[in-house]
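The structure appears right after this line, and notes come after that.
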Protein chains: 2
Amino acid sequence: MRDASPQGTYKVQALDRAFAVLDLLGESDTPLGLAQVASSLQLHKSTAHRFLMVLERHRMVERTGNGKFRLGLRLFDYGNRAIEQYDLRERAQPYLRRLVSETEETAHLALLEAARVIYIDKIEPARSVRMITRIGASHPVHCTSVGKAILAFLPEDRVEDVLRRTRFERFTHRTITTPEALRVELEKTRRRGYAVDDEEFEEGLRCIAVPVLDAQRQPVAAVSVSGPSFRVTAQKLPAIANHLLQCVRGISMDMGYIPMGRAARIAVPA
Amino acid sequence: MRDASPQGTYKVQALDRAFAVLDLLGESDTPLGLAQVASSLQLHKSTAHRFLMVLERHRMVERTGNGKFRLGLRLFDYGNRAIEQYDLRERAQPYLRRLVSETEETAHLALLEAARVIYIDKIEPARSVRMITRIGASHPVHCTSVGKAILAFLPEDRVEDVLRRTRFERFTHRTITTPEALRVELEKTRRRGYAVDDEEFEEGLRCIAVPVLDAQRQPVAAVSVSGPSFRVTAQKLPAIANHLLQCVRGISMDMGYIPMGRAARIAVPA
DNA sequence: TTTTAGCTTTTCAGAATATGAGATTCGCGT
DNA sequence: ACGCGAATCTCATATTCTGAAAAGCTAAAA
């Protein structure tokens with residue numbers, strides 16, 4: 001694990017280890033026994049044991065019937081408190097629901113954090129293929145519509161910073177893999193008013209997103225609509241974009257922000 | 001196995017302190033500065049500072065523009081991973097949504113953890129007074145419909161254990177404040193097949209709940225419908241209960257469980 | 001039944017680790 | 001510019017965590 005923290009000088013071994021334990025349990029989709037935890041993290045059994053006991057006391061982990069460990073519900077509590085402080089999520093939900101019923105595709109709400117986007121909400125239409133995205137998960141900016149939507153309207157220096165911290169990992173044959181190409185794409189995004197991820201993250205998945213601007217007209221989040229490419233066709237994009245714009249306008253108003261100005265209307269062909 | 005209270009003998013000071021910091025930030029509805037954190041927890045400035053820096057590196061806390069600290073989005077990630085392992089939430093959502101549209105009142109999904117119930121989902125009808133409950137929050141069993149619903153169908157020894165660990169705190173003049181009274185109430189609950197919280201937690205709020213049973217017919221969760229007493233009247237309870245039973249039956253089937261047997265039908269007066 | 005193997009739990013003396021007093025720097029309001 | 005409260009940093013010390021080793025479990029094999 002490469003740590004790119006600017007001032008990584010402060011250290012508390014116990015915390016690093018504890019979070020390593022939580023990470024391990026979070027990655028694993030099946031509960032793990034003490035021995036597994038200890039060997040995976042190269043901790044001695046007794047050390048791992050002590051940590052797990054303490055974490056259990058705090059309900060950060062819990063034991064299944066057979067004595068194995070998994071993440072505890074206290075984390076769920078913390079997580080909800082954390083997200084509550086943003087309160088964007090709650091306010092946005094009704095608008096997202098409307099958006100989903102209008103488009104019949106999955107909607108996401110995401111924030112930019114550090115140099116990655118975090119999905120903070122996902123609404124799926126009644127019957128649809130389950131999206132693989134997990135709420136709370138973070139993704140790189142270069143291959144997501146929400147990432148591009150936010151970046152496109154961020155001040156130049158912030159963009160620089162994010163790009164510098166991005167490894168342009170390739171996910172599909174269409175993934176944008178250079179800062180230069182992404183910059184061109186961002187310019188296109190600004191011109192048309194919405195961002196597109198055309199199977200750049202996952203084969204067969206097309207997404208479209210617009211940013212949510214705050215009172216200072218800075219993007220604080222983005223809303224996207226995603227669906228299989230055969231349903232979310234290029235022809236439909238402008239129409240979907242209009243729904244998106246209406247959605248974020250609603251959210252902005254609700255939050256007391258100024259709605260997006262220019263590019264607020266997009267030509268719908270035919 | 002029977003005594004679930006793990007001796008608090010294991011200790012890692014650093015972890016206790018770190019979680020105290022997270023708790024503090026989680027309780028506070030406004031971001032806190034280093035000095036506030038240090039003095040609230042009686043930590044020395046440099047200690048608090050070091051912890052906050054490490055927590056920030058792990059994105060467990062983050063700094064607002066003016067240098068104050070609040071919970072970080074990493075917790076949101078962890079929280080979603082934690083809840084995902086239960087996968088009850090995801091599966092239950094469509095059924096809850098249906099329930100909400102049928103009853104036009106707020107629905108909750110809750111789990112029993114240790115001796116308290118944790119709300120893991122909440123769905124509100126389109127326009128309604130915002131409920132104060134927060135997803136992720138935990139409440140005592142004695143004053144909630146979900147708590148009573150679960151307890152009523154739990155084996156005697158587990159009930160004992162929960163009751164022993166419950167302080168019967170009073171919230172309203174109707175709150176049940178003794179184990180004996182609660183036991184009577186549980187018996188009533190079993191007989192009628194659904195649990196009721198009649199303004200026992202909050203003045204003017206009436207809730208009704210039924211348990212979700214697993215393959216072994218053990219309650220793993222409960223679903224409730226809550227609303228202002230003037231809308232959720234005593235007359236309507238049986239009808240709502242029927243919607244609830246249909247809802248949990250759907251959830252149970254979806255999870256591969258056996259639907260509730262007896263008490264599956266409730267007489268709807270006229 | 002007894003034995004074994006693999007896991008978890010406990011103990012404790014030693015030493016690496018976190019601690020906190022204090023010095024320094026930052027930043028804001030006057 | 002100045003002062004004051006707050007944040008950041010340093011470092012010698014002892015408190016706290018560490019991990020070897022051994023004792024308990026539990027369940028499956030002999």
Side-chain angles (χ1 to χ4, degrees), chain A residues 1 3-25 28 30-72 216, chain B residues 1-25 28 30-72 114 216:
Chain A
M1 279 194 257
D3 205 324
S5 299
Q7 64 278 26
T9 57
Y10 292 95
K11 201 181 165 191
V12 176
Q13 191 191 52
L15 284 189
D16 289 337
R17 288 175 160 186
F19 292 135
V21 170
L22 294 183
D23 277 338
L24 182 68
L25 294 179
S28 163
T30 149
L32 300 176
L34 167 61
Q36 291 170 287
V37 172
S39 78
S40 300
L41 300 175
Q42 317 221 75
L43 292 177
H44 282 250
K45 283 182 303 184
S46 45
T47 305
H49 181 250
R50 184 159 19 84
F51 274 103
L52 285 166
M53 296 310 273
V54 175
L55 288 171
E56 187 188 20
R57 178 156 48 77
H58 286 277
R59 294 180 26 236
M60 309 300 280
V61 307
E62 64 180 38
R63 314 192 74 158
T64 58
N66 53 24
K68 297 192 182 297
F69 296 90
R70 64 174 169 188
L71 294 183
Q216 289 78 47
Chain B
M1 207 84 69
R2 69 173 266 94
D3 193 9
S5 45
Q7 300 300 339
T9 156
Y10 290 97
K11 203 182 165 191
V12 177
Q13 190 190 55
L15 285 189
D16 289 337
R17 289 177 160 185
F19 293 135
V21 170
L22 293 183
D23 277 339
L24 183 68
L25 294 179
S28 163
T30 148
L32 301 175
L34 166 62
Q36 291 170 285
V37 172
S39 78
S40 300
L41 300 175
Q42 319 222 74
L43 292 177
H44 285 249
K45 281 182 305 184
S46 43
T47 305
H49 182 249
R50 185 159 19 84
F51 273 103
L52 286 165
M53 297 310 272
V54 174
L55 289 172
E56 187 187 19
R57 178 156 50 75
H58 286 278
R59 294 178 28 234
M60 309 299 281
V61 309
E62 63 180 37
R63 315 194 73 156
T64 58
N66 53 24
K68 297 193 182 299
F69 296 90
R70 65 173 167 190
L71 294 183
Q216 289 78 46

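Keep in mind that what you see is a predicted model, and the values were worked out from it rather than measured. So that the names make sense, note that chain A is the first sequence line, chain B the second, and so on, each numbered from 1.
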Can you list everything that forms a side chain to side chain donor-acceptor pair (under 3.5 Å) with B:H49? Sequence neighbours excluded, please.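 Result, side chain to side chain donor-acceptor pair (under 3.5 Å) vs B:H49: none returned.
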
Side chain to side chain donor-acceptor pair (under 3.5 Å) involving B:S40 - partner list, sequence neighbours excluded: none

Nearest atoms (heavy-atom pairs only) where B:K45 meets B:A38: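 Taking B:K45 first and B:A38 second, the nearest heavy atoms are CA-CB, 4.1 Å.
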
Would you kindly give the [atom1]-to-[atom2] distance between [X] and [N], to the nearest whole Å?
| X | N | atom1 | atom2 | answer |
| --- | --- | --- | --- | --- |
| B:R17 | D:dT15 | CZ | C1' | 10 Å |
| A:R50 | C:dT11 | CZ | P | 13 Å |
| B:L43 | C:dT19 | CG | P | 8 Å |
| B:L41 | C:dG20 | CG | P | 12 Å |
| A:L52 | D:dG19 | CG | C1' | 15 Å |
| B:L15 | C:dA18 | CG | C1' | 13 Å |
| B:K11 | D:dT15 | NZ | C1' | 11 Å |

Pairing residues for [X] by the salt bridge (charged side-chain N to carboxylate O under 4.0 Å, His left out) criterion, not counting sequence neighbours:
| X | answer |
| --- | --- |
| B:R50 | none |
| A:R17 | none |
| A:R63 | none |

Picking from D:dT18, D:dG19, D:dC17, which would you name as closest to the side chain of A:F51?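 The answer is D:dT18.
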
Would you say a side-chain N or O of B:T47 is under 4.0 Å from OP1 or OP2 of C:dG20? yes

Please determine whether a side-chain nitrogen or oxygen atom of B:Q13 lies at a distance below 4.0 Å from atom OP1 or OP2 of C:dT19.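 The answer is yes; a side-chain N or O of B:Q13 sits under 4.0 Å from OP1 or OP2.
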
Just the atom pairs and distances: protein N or O near nucleotides 7-9 of chain C's N or O, under 3.5 Å.
unit_1: C:dT8; atom_1: OP1; unit_2: A:L34; atom_2: N; d: 2.9
unit_1: C:dT8; atom_1: OP2; unit_2: A:A35; atom_2: N; d: 2.7
unit_1: C:dT8; atom_1: O4; unit_2: A:K45; atom_2: NZ; d: 3.4
unit_1: C:dT9; atom_1: OP1; unit_2: A:R63; atom_2: NH1; d: 3.0
unit_1: C:dT9; atom_1: OP2; unit_2: A:H49; atom_2: NE2; d: 3.1
unit_1: C:dT9; atom_1: OP2; unit_2: A:R63; atom_2: NH1; d: 3.4
unit_1: C:dT9; atom_1: OP2; unit_2: A:R63; atom_2: NH2; d: 3.4
unit_1: C:dT9; atom_1: O5'; unit_2: A:H49; atom_2: NE2; d: 3.4

